[in-house]
Structures are given as structure tokens and as C-alpha cells.
There are 2 protein chains.
Amino acid sequence: MFDLHTEADAVCDAPNMSVALSRREDETFAEPAPDPARARCTTCMMRNICMAASLEAGEMARLDSVVRSWRSVKQGERLYRAGDPFRSLYAVRVGSFKTVVAPERGKETISGFYMAGDSIGMDGVCQETHNCDAIALEDSVVCVIPFHQLEALCREIKPLQRHLHKMFSAEIVRESRQMMLLGNNMSAEQRVAAFLLNVSARYRERGYSATSFVLRMTREDIGSFLGMTLETVSRTLSKFQQEGLLTVQGKSIELLNLDALDAR
Amino acid sequence: MFDLHTEADAVCDAPNMSVALSRREDETFAEPAPDPARARCTTCMMRNICMAASLEAGEMARLDSVVRSWRSVKQGERLYRAGDPFRSLYAVRVGSFKTVVAPERGKETISGFYMAGDSIGMDGVCQETHNCDAIALEDSVVCVIPFHQLEALCREIKPLQRHLHKMFSAEIVRESRQMMLLGNNMSAEQRVAAFLLNVSARYRERGYSATSFVLRMTREDIGSFLGMTLETVSRTLSKFQQEGLLTVQGKSIELLNLDALDAR
DNA sequence: CGGAAGGTTGACGAAGCTCAAGCACCGTGG
DNA sequence: CCACGGTGCTTGAGCTTCGTCAACCTTCCG
């Protein structure tokens with residue numbers, strides 16, 4: 001039921017997908033029997049932007065043997081919570097997630113949005129404890145990548161080690177860009193425009209339309225991510241619509257003028 | 001001139017240090033002759049919070065053999081610039097740095113402050129190009145850690161690999177905390193208080209006073225880092241002083257009530 | 001079909017930005 | 001030694017943007 005063909009379909013149809021997935025991850029379970037239906041990097045649609053990127057066939061097969069299980073997470077459910085022990089990285093196979101950081105005092109903040117092909121959980125390595133909640137924005141599926149095994153493999157496969165380091169570093173760069181967006185020399189309009197262009201670019205990378213897409217998150221999520229209120233997000237989108245930069249209908253967005261958005 | 005004893009002195013006297021350091025890094029130079037005066041992790045005051053943390057003696061010696069050179073950077077000079085090819089991580093041995101990200105358009109932003117024992121440059125891994133400028137806030141010295149060699153060593157020394165991954169992850173966590181601080185549900189007062197407490201804690205970790213220290217950066221730097229103007233930083237500090245939370249005299253700060261600051 | 005969650009829009013106020021003026025500090029050069 | 005200029009810091013006044021509060025609408029799902 002999850003062979004190459006239907007898997008490809010599932011990925012392509014990700015936004016509407018609601019296939020019932022019954023097999024659950026059990027990370028403490030020692031050595032599950034080989035399962036022809038389990039995750040396979042070698043055939044995954046996301047292999048070029050995921051952990052396996054730039055590996056040769058033989059190396060990818062070895063990675064395959066580490067990524068033995070996947071897990072399905074329903075909309076609104078948590079993949080992990082802050083404080084959970086860290087054991088694995090997760091590669092989003094289908095669907096999308098938000099990560100939420102909650103300070104001791106103060107309101108919780110969305111620290112990132114992740115879509116198919118992105119990896120989640122790297123924040124957990126340093127204290128061996130997850131540092132945020134990861135919540136599914138829609139019904140989703142992730143590959144489970146046991147971190148100790150991945151580290152062991154990285155000691156043997158240089159390109160995999162290199163790739164893991166690049167993933168860590170890319171997350172650092174992504175966050176430092178986000179910090180720049182939040183640093184108050186950027187107006188609400190600039191932030192929303194930058195956010196839309198970012199989402200657009202990521203859809204494009206994945207082969208979807210760069211100009212017409214559905215935002216999986218709420219206005220409140222966007223506001224939290226961009227450091228403003230949901231009202232301001234809403235007003236800004238309305239204003240952009242009035243100016244003919246885009247059309248917005250609830251969560252559906254159509255960008256009409258990427259250049260003008262970029263010029264903000 | 002840079003043996004165990006004077007090195008320890010140099011670290012302790014970091015803020016006032018102005019020793020003339022003449023030997024420069026030459027990363028392309030293949031195999032410099034062993035130099036008794038070069039950096040030594042085994043005897044470095046910072047070894048417990050730096051790259052070498054948690055290594056055994058033998059392992060540390062191997063790391064030593066990779067960290068063969070250091071580089072001195074005068075106040076205001078750049079350790080590297082955005083766009084420079086990435087080859088090495090740098091561990092701050094003496095002094096302190098700020099990192100500055102500049103977008104295509106828009107004002108540049110301070111993305112971090114780094115003091116002795118911190119490592120800089122992990123943002124460069126993902127594109128093999130530095131992603132920000134690193135500028136010395138005072139006359140400083142860094143250890144040069146050629147990244148390819150470090151990766152090679154990580155494939156052999158598991159605790160070093162683990163430590164490198166934790167450093168990456170800690171940088172991610174640090175940035176996501178900073179993003180939370182910038183997300184606008186925090187007032188200027190809360191941000192400044194959190195900043196001061198953060199600096200305080202880092203001085204404490206390094207054995208300096210947690211309540212009395214000199215800020216090496218300008219008000220403008222702080223403002224950029226915290227997402228506000230230098231005027232607001234100045235006003236906030238003045239207000240804290242009026243309320244008896246601290247005394248401020250230019251760059252010299254004395255914290256009088258850590259708990260009250262924390263309660264902001 | 002009804003209720004809850006999410007989204008839009010308006011009115012008002014306040015936090016913090018901008019602009020401006022003046023002061024303190026420090027290294028340089030006469 | 002002091003004068004001087006530059007950089008950084010402080011403080012004030014007015015203004016703008018965006019947050020807050022509130023009312024109402026839309027959409028979705030059980």
C-alpha cells in the first residue's frame with residue numbers, strides 16, 4: 001500500500017492526504033523485522049532535499065538501514081514536546097509542522113515551519129532533550145532517524161557527515177535570517193512579504209506552484225512567527241490584496257506580483 | 001612567551017590585554033613546524049567550555065594537533081566577512097566578538113556576541129561561505145580550527161563528534177531563544193533585562209563577577225541585537241538605574257538586584 | 001444545523017521610533 | 001599640557017506604527 005507509486009502520489013497530494021497509516025514508530029523496539037513497506041530513502045520523492053541528498057546508491061542503502069521506521073502524526077498532534085528525551089531526528093515525508101518554544105514566563109512563540117523534505121529535532125541534540133513542541137499542521141508522516149545510529153554512520157560515510165553538518169548549519173543560518181526579520185527595523189509589511197516569498201520559494205523547490213498555495217497555519221501562528229498580532233497579519237494581507245499584490249481567501253493565497261512583494 | 005602561565009594571565013586579563021601578537025594564521029600553509037608556543041588545548045583555561053570539553057587527555061592531544069594556529073584580531077577588525085570562503089571554525093581564546101548579518105536591502109543586524117570559550121563560524125558550513133561578519137569588540141585572539149580536519153577527527157573520536165554536534169545544536173537553541181526575545185510580546189525593559197542577565201551568567205561561567213562587568217559593545221550594538229534603537233536601550237538602562245536595579249556608567253555595569261531584573 | 005475556531009475590520013491608545021540638541025569620553029596632535 | 005574632533009551616550013518632544021479591545025463575519029466539523 002505504500003510502494004513507490006502510491007508513495008509518490010501521497011507526496012504529491014500531501015496537502016489533501018488522509019490515508020490511514022497504522023504502523024507506529026517504536027524506538028525502543030530493538031530490531032523490527034525487515035518490512036518491504038517501510039520508508040525507503042532510495043525511492044523517496046524527497047531524497048534530493050532530505051538527509052540522503054548527495055549520497056551514492058550504496059551509501060543511501062546504508063542510510064536506509066538506519067531509517068527503519070516512520071510515524072504518522074494527525075493534525076494538531078505533537079511529534080514531540082519540549083522536555084521529551086531526544087533520541088531521533090525526524091524528516092518530514094508528508095505534511096507540515098510548526099515548532100513552538102515556550103519560555104518559563106511569557107507567551108509561546110512559533111520558531112519555525114517545516115514542510116516535506118525538512119528535518120526537525122536538531123535543537124534536541126545539545127541537551128539530549130527536546131527544546132520545543134513540534135505540532136503537525138495537517139495529517140503528516142515523518143521518517144524516524146535514530147540519532148546515535150546516524151552519528152555512527154556519519155563516522156563511516158564522509159558525505160553523510162558533511163551533509164548532517166550542513167543541515168545543522170543551515171538551521172543556524174535560517175534562524176539568523178529570521179532574527180533579522182524580527183529585529184525591529186522591519187515593518188509589518190516587510191515581514192509578511194518576506195514570509196510569503198519564503199513559503200513561495202519552498203513550494204517552488206518542491207515542485208509545487210510558487211504563486212498559488214494554501215497556508216497550513218493560522219493567522220495567529222504567522223503573527224507569532226513574525227513577531228506581530230494576528231490582526232496585523234490580517235490587515236497586512238488585506239492591504240496587499242487591495243494593492244493588487246495578491247489575492248487571499250482564508251488560507252488560500254495567490255501571489256500576483258512577486259517582484260512588488262520583494263520590493264517591500 | 002605564551003606558555004601555561006602567561007597564557008592563563010592573558011585570559012584572566014583579557015579585557016585589558018594588549019600584548020603584541022605577531023604570528024599570523026596561514027591556513028593554506030601545509031604543515032607548519034611544531035611550535036612550542038602555539039595554541040594548546042591541553043593547557044588552555046577555556047578547555048572546559050570549548051571544543052575540547054569532555055575529551056580525555058589522549059583525545060585532547062589529537063585535537064591539539066589539528067588546532068595548530070591562532071590569530072590575533074585588533075578591536076574593530078574583522079575575523080572574517082560575509083562571503084569569505086569558509087575553512088575553519090574559530091574558538092575565542094581572548095577577547096570578544098560580535099557577528100553582523102547584512103541583508104541585501106535593509107539595515108545590518110547584530111546576530112550574536114561571543115566571548116572567550118565560545119566558537120564562531122558554524123554558520124559558514126552549509127554554503128562553505130561565511131554568512132556574517134565577525135568583528136572584534138576588543139583586541140582578541142582566536143584558535144583556528146580547520147573544519148575539514150576537525151570533521152576527519154570527528155569520524156575517529158566519538159566524544160569529539162558528539163561535542164561538535166552539541167555545539168551546533170546549542171547555537172540553534174541559543175538563536176531560537178533570541179528569536180523569542182525578539183518576538184514582540186516582550187517589552188524593551190524585558191529584553192534589556194534578559195540581555196543583562198545573559199551577559200551576567202556568561203561572565204559567571206567564566207569565573208568573572210556576575211554583577212560587575214564592562215559591556216564591550218556600544219548601545220547601538222545592543223539595540224540592534226535586541227531589536228530596538230540605541231535611544232531606547234539608553235533610556236531603559238537609565239530607568240533601571242533610577243529604580244535601583246543597577247548602576248550604569250558608560251559601559252560599566254553593576255547589577256544590584258538580579259532577582260528584580262529577572263522578574264521583568 | 002449549531003457551535004467553536006478562525007478571520008476581518010474599526011477605533012483608540014501607548015510603546016517605542018525619529019529627530020534634535022547637548023554632554024562625556026578618549027585618543028591625537030600641537 | 002591642553003585643545004580639538006570624533007564617537008558614543010543621554011535626554012527631550014512629537015509622531016507613527018502597531019497592539020488592544022471589541023464587534024461581527026466566515027468556515028469547518030461533529
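Chain letters run A, B, ... following the sequence lines, proteins first, then strands; residues in each count from 1. Remember, predicted model here, so these are calculated numbers, not experimental data.
- Close to C/dT9, at under 4.0 Å from its OP1 or OP2, lies no side-chain N or O of A/Lys239.
- Here C/dG7 presents its P atom at 13 Å from CD of A/Gln249, a figure rounded to the nearest Å.
- Across the protein-nucleic acid pair, A/Met186 atom CE and D/dT17 atom P stand 15 Å apart, rounded to whole Å.
- Between B/Thr211 and B/Glu254, the side chains place no donor N or O within less than 3.5 Å of an acceptor N or O (distance only, hydrogens not considered).
- Put simply, the side chain of B/Thr236 gets close to the backbone of B/Thr232: a donor and an acceptor are under 3.5 Å apart.
- Taking only side-chain atoms of B/Ser234, from C-beta outward, the nucleotide of C/dG7, C/dT8, D/dT10 with the closest atom is D/dT10.
- For A/Arg191 and D/dT17, a side-chain-to-base donor-acceptor distance below 3.5 Å is absent, hydrogens and geometry of angles not being considered.
- Distance CG (B/Asp221) to P (D/dT7): 15 Å, rounded to an integer number of Å.
- The nearest whole Å value for the distance from the CG atom in B/Leu215 to the C1' atom in D/dC9 is 13 Å.
- Taking the side chain of A/Thr229 as heavy atoms from C-beta on, and the options C/dG16, D/dG19, D/dT11, the nearest nucleotide is D/dG19.
- For the pair B/Gln242 CD and D/dG12 C1', the computed distance is 14 Å after rounding to whole Å.
- With hydrogens and angles ignored, a donor-acceptor pair closer than 3.5 Å exists between the side chain of A/Arg235 and the base of C/dG10.
- Residue B/Asn185 contributes atom CG, which lies 14 Å from atom C1' of C/dA15 at whole-angstrom precision.
- Applying side-chain contact (heavy atoms from CB on, under 4.5 Å) to B/Asp133 and the options B/Lys98, B/Glu108, B/Arg78 leaves one that passes, B/Arg78.
- The two atoms that bring A/Ser176 and B/Val101 nearest to each other are OG-CG2, 4.5 Å, heavy atoms only.
- Not less than 6.0 angstrom separates the ring centroid of A/Phe113 from the ring centroid of A/Phe97.
- For D/dC28, the OP1/OP2 oxygens have no side-chain nitrogen or oxygen of A/Lys251 closer than 4.0 Å.
- As a whole-Å value, the separation of A/Leu230 CG from C/dG6 C1' is 9 Å.
- For A/Glu231 against D/dC21, a side-chain N or O and a base N or O form a donor-acceptor pair under 3.5 Å.
- Closest to the B/Thr232 side chain, of the nucleotides C/dG16, D/dC18, D/dG19, is C/dG16.
- Checked against D/dT10, C/dG6, C/dT8, the side chain of A/Thr218 finds its nearest nucleotide in C/dG6.
- Counting to the nearest Å, the P atom of C/dG27 and the NZ atom of B/Lys74 are 14 Å from each other.
- Contacts of A/Leu237 with the nucleic acid, taken as non-hydrogen atoms under 4.0 Å apart, are absent.
- When distances are taken from the side chain of A/Arg219 to each of D/dC18, C/dT9, C/dG7, the shortest belongs to C/dG7.
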